[in-house]
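To keep things clear, I will list the structure first and then write my remarks on it.
Keep in mind it's a predicted model, so treat the numbers as computed, not measured. To find a chain, count down the sequence lines: A is the first, B the second, and so on, and within it residues start at 1.
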Number of protein chains: 2
Amino acid sequence: MLEPRQLEILDRAKITKTYREGESIYHQGDPCLGVYCVESGNVSVRMTNAQGGSKIVRFVHPGQTLGYSDFFAERGYRGDAVCLEPTTICFIPKEPLKAALHHNPQLGLAFLNHATIDLQEADSLSMNQALYPVRTQVAHLLLSLKDNYGTVGDDGAIELSLPMTWQDVSELIGARPETVSRAVHVLIDEGVIDAAGRKVTIRDLDMLLDEIETAVS
Amino acid sequence: MLEPRQLEILDRAKITKTYREGESIYHQGDPCLGVYCVESGNVSVRMTNAQGGSKIVRFVHPGQTLGYSDFFAERGYRGDAVCLEPTTICFIPKEPLKAALHHNPQLGLAFLNHATIDLQEADSLSMNQALYPVRTQVAHLLLSLKDNYGTVGDDGAIELSLPMTWQDVSELIGARPETVSRAVHVLIDEGVIDAAGRKVTIRDLDMLLDEIETAVS
DNA sequence: CGGTTCCTTGATAACGATCAAAGGCCGTGG
DNA sequence: CCACGGCCTTTGATCGTTATCAAGGAACCG
């Protein structure tokens, strides 16, 4: 998509850095100095309102981009970006990026693709929040994490190693940690999953799918 | 932003049409044949899940674009677009748009701006859903509609003429119509607003702002 | 170890959903 | 012009989910 010369300019301009678990990449309100691209690891974006209430609006996985919407909106960062685990991220400063966009506007289409994906996920999240009880939302999240974080065990069960805490999950789906904890334990009691800390085993994928299909609408 | 020649091509390709209230522009799942731009009027985008539950994900006001994220994602439309009132919309078919994007990738940046705005609004909506009770969300919505649909009356009160039904409002904030109705009447009883049908008068803007500031977090 | 953060569990309260029914408004058709 | 039907809104009663408050336990890290 990019001309080699432009790729080279971006490559020279980019700064790669490794963050520790819990480390902040940027803070809400900070002036936007450029965009980030997650190479490995995992990042949460949390927004806080004027009353101090906060919510995780998205998890950012490897290959995804971070802070670009604030760059294009020419405003400060709209949330806090925090690493959930040791994470490698490259930073592309504003000016070189502007130059690259100027010389090769095709690059804008690449960001547009990221934006449409993020928009679709934001819409889905909002829909799930509105239409499903917490238990079903947890089931949804586990299913979506399965693809990136699941491995198939000996007996065919799918083993997940969550990249985030259950507390983070509760902030994503807009519920209290206690509520999520109880919902998880209901799923365990029903024999759908097993969970020990952040290790989750999907015992019965069909039951997990049922959990979603038979949800109240 | 666009070269005159490209603008001209798009101008020739676009098809302007007027829709009646309640008329559909496209349906969820329909193949995406192009993008729409609202010139006047008002459109809701509603998504429905596999269980038949639905939610309005956004209202689209004049000057905003519709269906572009599905165009760039190269997939069917993700929701139903329905006019809330008599609405004039221009349609830009896929192929001419692709050609215009190819010849002038700057055009992509224009869509990127739309995308970042929609993304920010989607994040805010999801945050409000998660952090505020229905009454506060209604207050929020009235405030945001004030700028586009409000006029200042004789006594300084702000008069709103809602472009959507309260039922639509309930689908936007993810609540039942009954709950929204009750929430509105609480605001009326508190003297914050007056409402008769879709005509809303903001009696006391400060109280409305308080409603938001003192919300539970 | 000692502290912090995360998770769990219980009891209770608040909020919103649900069910049911009726009133108002509007457009259509007789 | 009026009557009818449909849709939106309102109101009440009750139920269910989730929030809240509180406290204890487990895991982890310095």
Side-chain angles (χ1 to χ4, degrees), chain A residues 20-23 44 51-56 82-86 128-139 161-189 193-200 211 214-217, chain B residues 20-23 44 51-56 82-86 128-139 161-189 193-200 211 214-217:
Chain A
R20 293 186 303 278
E21 181 178 330
E23 202 170 351
S44 68
Q51 290 74 51
S54 76
K55 179 178 187 299
I56 290 177
V82 177
C83 296
L84 299 172
E85 52 190 5
N128 290 341
Q129 261 179 239
L131 298 176
Y132 294 122
V134 170
R135 182 164 35 87
T136 309
Q137 289 186 68
V138 170
S161 184
L162 300 187
M164 75 287 289
T165 65
W166 288 111
Q167 200 165 230
D168 289 330
V169 170
S170 78
E171 277 201 79
L172 179 74
I173 69 184
R176 299 274 116 181
E178 299 96 315
T179 306
V180 170
S181 175
R182 285 185 240 265
V184 169
H185 285 267
V186 168
L187 290 175
I188 294 172
D189 291 345
I193 62 171
D194 270 355
R198 300 195 199 173
K199 303 288 179 193
V200 176
E211 182 56 49
T214 65
V216 291
S217 57
Chain B
R20 293 185 304 276
E21 180 180 329
E23 203 171 349
S44 68
Q51 290 74 49
S54 74
K55 178 180 187 297
I56 290 177
V82 177
C83 296
L84 299 172
E85 51 189 7
N128 289 342
Q129 262 180 237
L131 298 176
Y132 294 122
V134 169
R135 184 164 34 88
T136 309
Q137 290 186 67
V138 170
S161 185
L162 300 187
M164 75 287 289
T165 65
W166 288 112
Q167 200 166 232
D168 290 330
V169 170
S170 77
E171 277 202 78
L172 179 74
I173 68 184
R176 298 275 119 181
E178 300 96 316
T179 305
V180 170
S181 175
R182 285 185 241 265
V184 169
H185 284 267
V186 168
L187 290 175
I188 294 172
D189 290 346
I193 63 172
D194 270 355
R198 301 195 197 173
K199 303 289 180 192
V200 176
E211 182 57 48
T214 64
V216 289
S217 58

Shortest non-hydrogen contact from A:Ala130 to B:Gly174?
CB-CA, 3.8 Å
How long is the line joining CG of A:Leu131 and P of D:dT17, in whole Å?
16 Å
Those residues that, when tested against B:Ser181, pass side chain to side chain contact (heavy atoms under 4.5 Å, CB included) (two or more places apart)
B:His185
From CD1 of B:Ile173 across to P of C:dC15 the rounded distance in Å is 15 Å
Once side chain to side chain donor-acceptor pair (under 3.5 Å) is applied, do any residues pair with B:Ser44, and if so which ones, sequence neighbours excluded?
none
Separation of C:dT9 C1' from A:Asp189 CG (nearest whole Å)
13 Å
Can you give me the closest heavy-atom contact between A:Ser54 and B:Leu131, atom names plus distance?
O-CD2, 3.7 Å
Any side-chain heavy atom of A:Met164 within less than 4.5 Å of one from A:Glu171?
no
What is the distance from atom CD of B:Gln167 to atom CD of B:Glu178, rounded to the nearest 0.5 Å?
9.5 Å
I need the CD-C1' distance between B:Gln137 and C:dC15, as an integer number of Å.
12 Å
Can you measure A:Gln129 atom CD to D:dT18 atom P for me and round it to whole angstrom units?
12 Å
Euclidean distance, atom OH of residue A:Tyr132 to atom P of C:dA17 [Å, nearest integer]
16 Å
Quick one: what's the B/S/- string for nucleotides 25-30 of chain D, heavy-atom cutoff under 4.0 Å, read 5' to 3'?
------
Non-hydrogen side-chain atoms of A:Ile173 and A:Asn128 separated by less than 4.5 Å:
no
Bend angle of the helix from C:dC1-D:dG30 to C:dG30-D:dC1, from helix axes over five pairs at each end, nearest 10°:
40°
For B:Arg135, check salt bridge (charged side-chain N to carboxylate O under 4.0 Å, His left out) against everything at least two apart and list the hits.
B:Glu211
Base, sugar-phosphate, or nothing for A:Gly22, non-hydrogen atoms under 4.0 angstrom?
nothing
Please confirm whether the backbone N or O of B:Cys83 pairs with a side-chain atom of B:Glu23, one donor and one acceptor, at under 3.5 Å?
no
How long is the line joining CD of B:Glu21 and C1' of C:dC26, in whole Å?
11 Å
Check whether A:Trp166 reaches the backbone of A:Gly197 with its side chain - one donor and one acceptor, N or O, closer than 3.5 Å.
yes
Nucleotide N/O of nucleotides 9-12 of chain D paired with protein N/O under 3.5 Å:
unit_1: D:dT9; atom_1: OP1; unit_2: B:Trp166; atom_2: N; d: 2.9
unit_1: D:dT9; atom_1: OP2; unit_2: B:Trp166; atom_2: N; d: 3.4
unit_1: D:dT9; atom_1: OP2; unit_2: B:Gln167; atom_2: N; d: 2.8
unit_1: D:dT10; atom_1: OP1; unit_2: B:His185; atom_2: NE2; d: 2.9
unit_1: D:dT10; atom_1: OP2; unit_2: B:Ser181; atom_2: OG; d: 2.9
unit_1: D:dT10; atom_1: O5'; unit_2: B:Ser181; atom_2: OG; d: 3.4
unit_1: D:dT10; atom_1: O5'; unit_2: B:His185; atom_2: NE2; d: 3.3
unit_1: D:dG12; atom_1: N7; unit_2: B:Arg182; atom_2: NH1; d: 3.0
unit_1: D:dG12; atom_1: O6; unit_2: B:Arg182; atom_2: NH2; d: 3.2

Interatomic distance, A:Arg176 CZ vs D:dA22 C1' [rounded to whole Å]
15 Å
Among B:Leu187, B:Val186, B:Ile188, find the one that has a side chain to side chain contact (heavy atoms under 4.5 Å, CB included) with B:Val184.
B:Ile188
